[in-house]
Amino acid sequence: MSTVRRAALVLAAVTVSAVALTACGPTGDDAAGGAAKPTASPTKTTTPPTSPGKESSGGSDGSSPDPDHAVFPCSTFDVTFAANLAEPTTSSYLLKITNKSAKACKVLGHPVVTFGDLDGQATERGEAPGIEDAIRLEPGRSAYAGLMGGTNDGTGRTVHSIAMTMNTESDLVQTPLTVSTPGLYVSPAMNSVTAWVNNAEDALSL
């Protein structure tokens, strides 16, 4: 083989080796010893916690609603009325009302009692509880008051009926409830009525 041909074969082999090394070796910054580019990591999305809702309650402060809040004062439209002679010597009567409606009502203060065709009304005797402590009269339940009469001293008159309206602390126009009271002697200085109470015994002893 001639010297020229041998040299050509050697040069070709060297060239092929150089090309192979270039294909397998590092490129760009890696070949120059530069830093490798960072690989981006997936982004984690955090969902903020949801605030729990407020639970509903009976009142704005979480308390139960007042059961007496919607209970209105009793009027003559809500009750029946009866009067029974309790003490013949003094013409004293036991007054009784009964809730005839389908809902509770509050019995306030004293009954307003008038005598037949006479002017004026029975005076109030004793203190009555405030509206917060008033009797809650459930359907079918009763309350009582004592109407004190008097002996015939010649200064008054005898009547045979009385009329009653309820204290409602309002301008409600009521229909008076009338009952028979045979022989009731009415004297300006004697006739008085107690506040409504829960039982008959207390009504006659006040």
Side-chain angles (χ1 to χ4, degrees), residues 56-118 120-150 159-187 190-206:
S56 60
S57 59
S60 60
D61 60 353
S63 59
S64 299
D66 182 1
D68 286 341
H69 179 69
V71 179
F72 294 95
C74 301
S75 73
T76 56
F77 302 108
D78 304 308
V79 300
T80 59
F81 177 51
N84 296 301
L85 183 63
E87 178 53 61
T89 57
T90 59
S91 292
S92 296
Y93 278 79
L94 175 67
L95 310 183
K96 176 183 177 181
I97 54 170
T98 302
N99 187 351
K100 67 177 182 178
S101 72
K103 59 184 179 180
C105 60
K106 281 188 174 183
V107 182
L108 305 184
H110 298 71
V112 180
V113 179
T114 56
F115 303 97
D117 59 354
L118 301 181
Q121 64 188 51
T123 59
E124 295 180 354
R125 186 168 77 257
E127 294 292 328
I131 190 169
E132 298 84 2
D133 300 317
I135 298 171
R136 179 188 173 105
L137 201 63
E138 299 291 342
R141 304 290 292 181
S142 299
Y144 305 86
L147 176 64
M148 304 299 113
V159 299
H160 301 288
S161 67
I162 60 172
M164 187 276 301
T165 56
M166 301 292 295
N167 178 2
T168 63
E169 295 191 353
S170 72
D171 56 0
L172 175 68
V173 178
Q174 302 177 65
T175 301
L177 300 179
T178 303
V179 294
S180 176
T181 55
L184 175 61
Y185 190 77
V186 179
S187 173
M190 298 180 182
N191 301 102
S192 60
V193 65
T194 69
W196 294 110
V197 293
N198 280 314
N199 62 81
E201 184 178 355
D202 287 346
L204 295 172
S205 63
L206 294 175

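Predicted model, so just to flag it, every value in this text is computed and none were measured.
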Report task. Kindly indicate whether the side chain of Thr194, heavy atoms from C-beta on, has any atom under 4.5 Å from the side chain of Leu147. Result -> no
**Report entry** Side chain to side chain, Glu169 and Leu108, heavy atoms closer than 4.5 Å
**Finding:** yes
Report summary line: Closest non-hydrogen atoms of Cys105 and Pro73, given as atom of the first, atom of the second and distance, are CB-C, 4.2 Å
Requested in this report: Report yes if the side chains of Asn198 and Tyr144 come closer than 4.5 Å at any heavy-atom pair, otherwise no.
Outcome: no
Report summary line: Residues Gly146 and Arg125: closest non-hydrogen pair is O-NH2, 4.3 Å
Report summary line: Distance col, row Trp196:CH2 vs Leu137:CG, nearest 0.5 angstrom, shows 9.5 Å
Query raised in the report: So, the side chain of Asp133 versus the backbone of Gly130: is there a donor-acceptor pair under 3.5 Å, distance only?
Result: no
Report summary line: On a heavy-atom basis, the closest approach of Met166 and Cys74 is CB-O, 3.3 Å
Requested in this report: Write down the atom of Gly109, the atom of Asn167, and the distance for their closest heavy-atom approach.
Outcome: CA-ND2, 4.1 Å
Query raised in the report: Are any side-chain N or O atoms of His110 and backbone N or O atoms of Gly126, one a donor and one an acceptor, separated by less than 3.5 Å?
Result: yes
Query raised in the report: Only one of Asp171, Leu172, Thr165 clears side-chain contact (heavy atoms from CB on, under 4.5 Å) with Thr168; which?
Result: Leu172
Query - Residues Arg136, Val71; criterion side chain to side chain contact (heavy atoms under 4.5 Å, CB included); working and verdict - result: CA-CA 8 Å; Arg136 179 188 173 105; Val71 179; 3.3 Å; yes
**Report entry** Donor-acceptor contact below 3.5 Å, side chain Asn99 vs main chain Ser142
**Finding:** no
Report summary line: Of all heavy-atom pairs linking Gln121 and Phe115, the shortest is C-CE1, 4.0 Å
Report summary line: Only residue of Leu184, Leu118, Thr178, Val186 satisfying side-chain contact (heavy atoms from CB on, under 4.5 Å) with Ile162 is Leu184
Requested in this report: Verify the neighbour count for atom NZ of Lys103: are there more than 12 heavy atoms of other residues, nucleotides or ligands below 6.0 Å?
Outcome: no
Report task. Report the distance from atom NE2 of His160 to atom CG of Asp117, rounding to the nearest 0.5 Å. Result -> 10.5 Å
Query - Flag if over 12 foreign heavy atoms under 6.0 Å of CD, Glu87 - result: yes
Query raised in the report: Hey, what do you get for CD1 (Ile97) to CZ (Phe81), rounding to the nearest 0.5 Å?
Result: 9.0 Å
Query raised in the report: Less than 4.5 Å apart, any side-chain heavy atom of Lys100 and any of Asp78?
Result: no
Requested in this report: Mind checking the CZ-OG1 spacing from Arg141 to Thr98? Nearest 0.5 Å is all I need.
Outcome: 10.0 Å
Report task. Check whether any side-chain heavy atom of Thr123 lies under 4.5 Å from a side-chain heavy atom of Asn191, and answer yes or no. Result -> no
Query - Closest heavy-atom pair and its distance - Pro139, Ala104 - result: CD-N, 3.9 Å
